[in-house]
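Remember, it's 1-based here, ligands and their atoms both numbered in the order they're listed. FYI, side chains are in, hydrogens and waters are out, and symmetry mates aren't considered; it's all heavy atoms of this structure. Just so it is clear, the model here is predicted, and its values are computed rather than measured.
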Amino acid sequence: MENGVAKPVIVAIDGPSGTGKSSTSKAVAAQLGLSYLDTGAQYRAITWWMVTNGIDTADPSAIAAAAAKPDILSGTEPTAPTITVDGVDVSGPIREQDVTSKVSAVSAVPEVRARITDLQRAIAASAVTGIVVEGRDIGTTVLPDADLKIFLTASPEARAARRSGELKGADLHTTREALIKRDAADSSRKTSPLAKADDAVEVDTTDLTLQQVIECVVTLVEEKRAGK
Ligand SMILES: Nc1ncnc2c1ncn2[C@@H]1O[C@H](COP(=O)(O)OP(=O)(O)O)[C@@H](O)[C@H]1O
Ligand SMILES: Nc1ccn([C@@H]2O[C@H](COP(=O)(O)OP(=O)(O)O)[C@@H](O)[C@H]2O)c(=O)n1
């Protein structure tokens, strides 16, 4: 605190798919009056643009050559986050199966990561009260100086059950296999893989309710702010 003005607080939340990053980050940001950034939505948006514009997502050099073209804009209000590409609202289409199956290949391309990382850092730097940023490499690469880093985990069974519940009863086995495949691709890529930062607090959410996870993270942020 300087001159009675609180310093913006930067919270990084990483982890594999279905561990609760989005739900937790939105709720924590809303409760604490912070901005919220879903970095997965940005990688999904650039993937959607590649698919829509006929770029071969199996060809890293074609992806790299097009990486600077789409204009990706994220709205960071936690109760109503938005994502547009060249002015078009893509919040629906980016969740479709076709994008989900291609996003790991697109996000592994270094030119894509450099472009999106720059956007993320600019958004975080402009957050007046602070921001909760969720993704795969926020604590390790995007915001290594974050005030608080959380790494969420959960068993593949719990994650698949959560995801298939969301996808209105999608087959549990297929969902689990797809999720494990995406995690493996995200964890093994060369540039900025999914990883826990050495100074991140790991929270296993398998047997916790969403409310318990939110309370845990809110407490950790408040302790940081109090200088504990
Ligand atoms: N601790 C939890 N217990 C039960 N369900 C949860 C928990 N955390 C999240 N969920 C549910 O699981 C689904 C996936 O959560 P989400 O926040 O989108 O995960 P991620 O962003 O890590 O992929 C959502 O439907 C969410 O409501
Ligand atoms: N910081 C990030 C966030 C997401 N991603 C990529 O974007 C994909 C979609 O992220 P997401 O957060 O929307 O995924 P889920 O919510 O489906 O788990 C991931 O599988 C990664 O390939 C990334 O590479 N780095």
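- At least one side-chain heavy atom of I214 sits under 4.5 Å from a side-chain heavy atom of Q211.
- Here S104 has heavy atoms under 4.0 Å from ligand 2 in both its backbone and its side chain.
- With hydrogens left out, the protein atom closest to atom 5 (N) of ligand 2 is Y43 CD1, 3.6 Å, a heavy atom.
- In terms of polar-atom proximity, Q120 is not counted as a contact of ligand 2, lacking any N or O under 3.5 Å from an N or O of the ligand.
- An N or O contact shorter than 3.5 Å links K21 to ligand 1 by distance.
- Close approach to R95 involves these atoms of ligand 2, each under 4.0 Å from a residue heavy atom: 13 (O).
- The N/O atoms of V213, backbone and side chain alike, include none that comes under 3.5 Å of an N/O atom in ligand 1.
- A donor-acceptor pair is defined here as one N or O able to donate and one able to accept, closer than 3.5 Å; no such pair exists between the side chain of R176 and the backbone of A160.
- For ligand 2, the polar-atom distance check against S22 finds no nitrogen or oxygen pair separated by under 3.5 Å.
- In terms of polar-atom proximity, defined here as any N/O pair under 3.5 Å, E134 makes no such contact with ligand 1.
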Show which side-chain atoms of residues 130-140 pair as donor or acceptor with protein atoms under 3.5 Å away, not counting sequence neighbours.
residue: E134; atom: OE2; partner: S22; partner atom: OG; Å: 2.7
residue: E134; atom: OE2; partner: Y36; partner atom: OH; Å: 2.6
residue: D137; atom: OD1; partner: R113; partner atom: NH2; Å: 3.4
residue: D137; atom: OD2; partner: R113; partner atom: NH2; Å: 3.0
residue: D137; atom: OD2; partner: S192; partner atom: OG; Å: 2.7
residue: T140; atom: OG1; partner: D137; partner atom: O; Å: 3.3

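- Of the protein's non-hydrogen atoms, D137 OD1, 2.9 Å is the one closest to atom 1 (N) of ligand 2.
- Only the backbone of L208 comes within 4.0 Å of ligand 1, counting heavy atoms alone; no side-chain atom from C-beta on gets that close.
- Among protein heavy atoms, the minimum distance from atom 10 (O) of ligand 2 is reached at G40 CA, 3.5 Å.
- With ligand atoms numbered from 1 in the order given, ligand 1 contributes 22 (O) to contacts under 4.0 Å with heavy atoms of P16.
- Among K102, R182, R159, the residue whose heavy atom sits closest to atom 9 (C) of ligand 2 is R182.
- Looking at E134 next to ligand 2, no N or O pair under 3.5 Å apart turns up.
- Counting only heavy atoms from C-beta outward, the side chains of T129 and P8 never approach each other to under 4.5 Å.
- Checked options V103, N53, V106, I94; the residue passing with W48 is I94 (criterion: side chain to side chain contact (heavy atoms under 4.5 Å, CB included)).
- The side-chain heavy atoms of T100 and R182, taken from C-beta on, include a pair separated by under 4.5 Å.
- Of the heavy atoms in Q42, none comes closer than 4.0 Å to ligand 2.
- Ion pairing between a basic and an acidic side chain is recognised when a charged N comes within 4.0 Å of a carboxylate O; D147 and K7 show such pairing.
- Of all protein heavy atoms, the one closest to atom 25 (N) of ligand 2 is R113 NH2, 2.9 Å.
- Salt bridge status for R189 with D186: present, with a side-chain N to carboxylate O gap under 4.0 Å.
- Heavy atoms only, all atoms of each residue included: S187 and L194 are closest at OG-CD2, 3.5 Å.
- Salt-bridge check for R159 with D204: failed, with every basic side-chain N at 4.0 Å or more from each acidic carboxylate O.
- Here's the thing with T39: one of its N/O atoms is less than 3.5 angstrom from an N/O atom of ligand 2.
- For atom 21 (O) of ligand 1, the nearest protein heavy atom (residue, atom name, distance) is S22 N, 2.9 Å.
- Among all non-hydrogen protein atoms, the one lying nearest atom 13 (O) of ligand 2 is R44 NE, 2.7 Å.
- Between S74 and I123 there is a side-chain heavy-atom pair separated by less than 4.5 Å.
- At a heavy-atom cutoff of 4.0 Å, ligand 1 is contacted by the side chain of R163 but not by its backbone.
- Less than 4.0 angstrom separates some heavy atom of G20 from each of these atoms of ligand 1: 8 (N), 9 (C), 15 (O), 16 (P), 17 (O), 19 (O), 20 (P), 22 (O).
- Here is the list of ligand 2 atoms found below 4.0 Å of a heavy atom in G135: 1 (N), 3 (C).
- The distance from ligand 2 to the heavy atoms of S17 drops below 4.0 Å at these ligand atoms: 15 (P), 17 (O), 18 (O).
- In this structure, the protein non-hydrogen atom closest to atom 15 (P) of ligand 2 is R163 NH2, 3.2 Å.
- Any N or O atom pair closer than 3.5 Å counts here, and D186 shares at least one such pair with ligand 2.
- Under the 4.0 angstrom criterion for non-hydrogen atoms, G15 is not in contact with ligand 1.
- Tested against I83 for a side chain to side chain contact (heavy atoms under 4.5 Å, CB included), the candidates I72, L73, V88 yield a single pass: I72.
- Taking a 6.0 Å sphere around CG of D207, one finds it holds 12 or fewer heavy atoms contributed by other residues, nucleotides or ligands.
- Of the heavy atoms in R136, both backbone and side-chain atoms come closer than 4.0 Å to ligand 2.
- With a heavy-atom cut-off of 4.0 Å, T209 touches ligand 1 through its backbone alone.
- Contact detail for T57 and I63: the closest heavy-atom pair is O-CD1, 3.5 Å.
- Closest heavy-atom approach to atom 26 (C) of ligand 1 within the set S23, A27, G40: this belongs to S23.
- Of the protein's non-hydrogen atoms, S107 OG, 3.6 Å is the one closest to atom 6 (C) of ligand 2.
- T19 places no side-chain N or O within donor-acceptor distance of the main-chain N or O of T153, the cut-off being under 3.5 Å.
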